[in-house]
Amino acid sequence: MKQGKDKKTYICSNCGYRSNKWFGKCPQCEEWNTAVEIEGASFNAPSTTNFKSSTASVDVQERLVTSMKEMDRVLGGGLTPGSVILVAGGPGMGKSTLLLEYASALAKVGDVYYVSGEESVPQILSRVKRLGVENDKLFLSSTVNVDEVLASIKEKPVALIFDSIQTVHTTGMNALTGSISQMRECVVRLVEYAKSSDTSVFIIGHITKGGNIAGPMVLEHMVDTVLYLEGEPRSGRRILRAIKNRFGPTEEIAVYEMKKNGMVEISDPSRIFADMESEEAGNAISIVVEGTRSLMINIQALTTSNRKSTPIRIARGFENTRLLMLTALVSNYLGVSFENRDVYLNVLGGLKISDPGVDLAVIAALYSSAKHIAFPSKTVFVGEVGLDGKVRSVQQMQMRITEAKRLGVRRVITSHQFEGDGVAKAKTVKDAIAKALSGDE
Ligand SMILES: Nc1ncnc2c1ncn2[C@@H]1O[C@H](COP(=O)(O)OP(=O)(O)OP(=O)(O)O)[C@@H](O)[C@H]1O
Ligand SMILES: [Mg+2]
């Protein structure tokens, strides 16, 4: 026993590699001088492991369903007890607000602890009052030591919330708060606690300007679920997206409006990102699929003359390399020259789109802006476009078309590969643009 107690553990501050021996160069990531000593966490492999038969009966924990339906949906249909969830987002996105509201919703089932290293208890309390989420089972603390928090818990809570992982630390670890090794160690202890007690743990994480969680990617691998809260900083609209989920589908989204009294769920967000009536040149509408939900979106393009410097191509909410490719397609198959033109592309409402089904709408918007020709209102473009200029069908076509019709779209321009009815089908981009402008089926 004594031997285990005396042993030291070293952790690589770069990749999290652990060893009982000091190392100059990390054998895993090969960085030099990254070994950090931690106390009280020596890891000795247990001598025996008990396996259970796969047919043994186990108590399957039911998911906790709350009054926050959209949050429950993003989590995969409620909160799985014992799960560890990382919630990441930029500054001021509303992470604390959303989780405080969710904490209060969960407190209807049992105790919930909200630990903030960022704000004092009076500050959190004033937010609680502003949001109207007081609950006598919701406990607030501004302790910054994870071990102290875990030691002070008497009755098993439903959930623990740490705001944020960058501001907490563990006992016995000689590394700065907010450093990679410190954050990693905190998460290790929280995961251990969650799995052994069936308490769910939420961890808030800031993201960098580049859009990554400030800290190692390894944090994403350590937790069960990763949620991103995103949106335009100046607008009140927020999107919560599951990018990893061990207990449910990913790419599921929830849409909120940030108001004075908190985050208001938008239960039917299909049309809020698009202005279907717009008849200005440079606009095109598409329908994208996000998880189980389809959303109508507005793609806007602006092309302007630039004879003085290298032309600019900038996309917001859309991958830049894909914009370059689609610009080349418009030049090649629709006879529009972008040689001396800047190209800007924007997805309205702060959405980030990776669905290939928007290709046709991007091409339509670029063409419309360059030619100063607007498409008839209530026209929707759905299809992926290959380098050969052919329009291809995408996943869940029927769902998109049904949604378009529900929202009052008059015409859907899509691929000839789609076998359903009630749409205008095109083989090539040229064909698609001609059909959209002529109004023929
Ligand atoms: N009194 C208020 N009335 C209206 N809106 C408010 C008020 N106080 C804060 N907000 C809104 O809440 C937002 C901040 O929310 P919140 O603190 O939950 O974000 P956060 O993501 O936790 O930020 P941080 O990264 O700073 O921790 C502000 O951007 C603002 O829009
Ligand atoms: Mg906050």
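Counting starts at 1 for both ligands and their atoms, in listed order. Numbers for residues simply follow the sequence, beginning at 1.
The pair D111-K154 does not count as a salt bridge, with every side-chain nitrogen at least 4.0 angstrom from each carboxylate oxygen. A salt bridge links E403 with R406; the closest basic N to acidic carboxylate O contact falls under 4.0 Å. Salt bridge status for K244 with E220: absent, with no side-chain N to carboxylate O gap under 4.0 Å. E192 has no carboxylate O lying under 4.0 Å from a charged side-chain N of R189, or vice versa, which leaves the two without a salt bridge.
From the protein, the heavy atom lying nearest to atom 11 (C) of ligand 1 is M258 CE, 3.6 Å. For atom 22 (O) of ligand 1, the closest non-hydrogen atom of the protein is S96 OG, 2.7 Å.
The distance criterion of under 3.5 Å between nitrogen or oxygen atoms is met by M93 with respect to ligand 1. Looking at G94 next to ligand 1, an N or O pair under 3.5 Å apart turns up.
With atom 9 (C) of ligand 1 as the reference point, the heavy atom nearest to it among E101, R130, K260 is part of R130. The closest non-hydrogen atom to atom 20 (P) of ligand 1, taken over K95, K259, E118, H206, comes from K95.
A ring-centre distance under 6.0 Å is found for F202 and Y102.
Atoms of ligand 1 lying under 4.0 Å from at least one heavy atom of G92, given by number and element, are 13 (C), 14 (C), 19 (O), 20 (P), 21 (O), 23 (O), 24 (P), 25 (O), 26 (O), 29 (O). Within the listing of ligand 1, atoms 16 (P), 17 (O) sit less than 4.0 angstrom from a heavy atom of R127. Proximity to P91 (heavy-atom distance under 4.0 Å) selects the following atoms of ligand 1: 25 (O). Applying the 4.0 Å criterion to heavy atoms of T97 picks out, from ligand 1, the atoms 15 (O), 16 (P), 18 (O).
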Quiz prompt | Verdict with supporting geometry, D163 and S96, side-chain hydrogen bond (donor to acceptor under 3.5 Å, both in side chains) | solution = CA-CA 7 Å; D163 186 359; S96 306; 2.7 Å; yes
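To the nearest 0.5 Å, atoms CD (E265) and CE (M68) are separated by 5.5 Å.
Under the 6.0 Å distance and 45° angle rule, R237 counts as a cation-pi partner of F273.
Because the distance cut-off is set at 2.8 Å, S96 qualifies as a neighbour of the Mg ion (ligand 2) through one of its N, O or S atoms.
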